[in-house]
2 protein chains.
Amino acid sequence: MPIELTPSQALGLWHSVSLAQVRVDSRDLTLRQLAILLHIYLVPPPHTVRGLAATLGVTKPVITRALDTMGALGLVDRARDDRDRRNVVIKRTVEGALYLEKFGDLIIDQGRKQLK
Amino acid sequence: MPIELTPSQALGLWHSVSLAQVRVDSRDLTLRQLAILLHIYLVPPPHTVRGLAATLGVTKPVITRALDTMGALGLVDRARDDRDRRNVVIKRTVEGALYLEKFGDLIIDQGRKQLK
DNA sequence: CGCGAAAGAAACGCTTGCGTAACGATCCGC
DNA sequence: GCGGATCGTTACGCAAGCGTTTCTTTCGCG
């Protein structure tokens, strides 16, 4: 089943999801942070700071800071790579998985309401 | 045509859209700002600071600041309401409409790629 | 009038994010 | 085992966002 959206459906979906998310969660992640979080959980590991920076097209400190913030929120974790101790591998957490699961539900919910 | 998404489709769509948006636009709007912007353009006017604050479940200064920022970016405009000069009505701009149009295209694009 | 209520902005101190640049730790080829 | 390259973090000065509180303007009703 391909996803085919009209412009009004696309923006309407984004609108209702953003609104619902803002109401439900006072943590106001930036678009960058959200993109990083989703990337970590949806793309097969391993993930490194450098890799994420390249993927997002941003500098490394941006990734470090985002990981600091989301790490403090418990959404991700970090660990040194034992095979190359210069690297840091980014690890998923139960809390992060839960967060995205709820976010996914929210999208589906709003998508269902969008045109029924 | 109702929108029906699987969890993996929902998060996958958000992932690719966030990623593409981050790459394409260095303005890193917060989720709140995006929600406000979408609300202004998708819901029939008039829009006021107070109304937006109630809709988003945030305080009035949050809206004032968001409008300051997005106003400076040219995405929205403000004008006093002549019938009740305490009110400010929020106005759309050509640039803002264009911004959202491009954003909608991006969603549709990514949605199409998502499962083909 | 006059005065409280309402709307939005401005002020305050604080936190968080930014880009650039510098820094320690680690790897690797010679 | 040393010197340059690579990886992630930290430091710095700055801009932007936050919540709370305090104006300023305007309304509306007695």
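Just so it is clear, the structure is predicted and the values come from calculations on it, not from any experiment.
Here B:R27 does not reach the OP1 or OP2 of D:dA15: none of its side-chain N or O atoms lies under 4.0 Å away. Neither OP1 nor OP2 of D:dA16 sits under 4.0 Å from any side-chain N or O of B:T69. Put simply, B:Q33 has no side-chain N or O that comes within less than 4.0 Å of OP1 or OP2 on D:dA16. Side-chain nitrogen and oxygen atoms of A:T64 include none within less than 4.0 Å of the OP1 or OP2 phosphate oxygen of D:dG8. Distances shown here put every side-chain N or O of B:R83 at or beyond 4.0 Å from the OP1 or OP2 atom of D:dT26.
Residue B:R27 comes nearest to B:L75 through the heavy atom pair NH1-CD2, 4.4 Å, listed as atom of the first residue, atom of the second, then distance. For the residue pair B:L31 and A:Q21, the shortest heavy atom distance occurs at CD2-CG, 3.3 Å. Residues A:R23 and B:L56 share a closest heavy-atom pair of CG-O, 3.9 Å.
Remark: P of D:dG8 and CD1 of A:I63 are 10 Å apart, rounded to the nearest angstrom. Atom NE2 of A:H47 is separated from atom C1' of D:dG8 by 17 Å (rounded to the nearest Å). Rounded to whole Å, atom P of D:dC7 lies 6 Å from atom CZ of A:R86. As rounded to whole Å, 15 Å separates atom C1' of D:dC18 from atom CG of B:L56. Rounded to whole Å, the distance from CZ on B:R32 to C1' on D:dC18 is 8 Å. The separation between A:L52 atom CG and D:dG8 atom P is 9 Å, rounded to whole Å. In this structure, the CZ atom of B:R50 is 17 Å from the P atom of D:dC27, given to the nearest Å. Put simply, NZ on B:K60 is 14 Å from P on D:dT22, counting in whole angstrom units.
Side chain of A:R80 to backbone of A:R85: a donor-acceptor contact under 3.5 angstrom is found.
Between B:D81 and A:R78, it is A:R78 whose nearest contact on DNA chain D lies nearer the 5' terminus. Residues B:P61 and A:D82 each lie close to DNA chain C; by heavy-atom proximity, the contact nearer the 5' end of the strand is made by B:P61.
Between the side chains of A:H39 and B:H15, at least one donor N or O lies within less than 3.5 Å of an accepting N or O.
In this structure, A:R85 reaches the sugar-phosphate backbone alone: every heavy-atom distance under 4.0 Å involves primed, P, OP1 or OP2 atoms, never a base. As judged by a 4.0 angstrom heavy-atom cut-off over every strand, A:T30 is placed among residues making no nucleic acid contact.
You'll find the side chain of A:P7 reaches within 4.5 Å of the side chain of B:I108, heavy atoms only.
Between A:D68 and A:R78 there is a salt bridge, since a side-chain N of the basic residue sits under 4.0 Å from a carboxylate O of the acidic one.
Taking every nucleotide of DNA chain C with any atom under 4.0 Å from a non-hydrogen atom of chain A, the first and last of them, 5' to 3', are C:dG17 to C:dC27.
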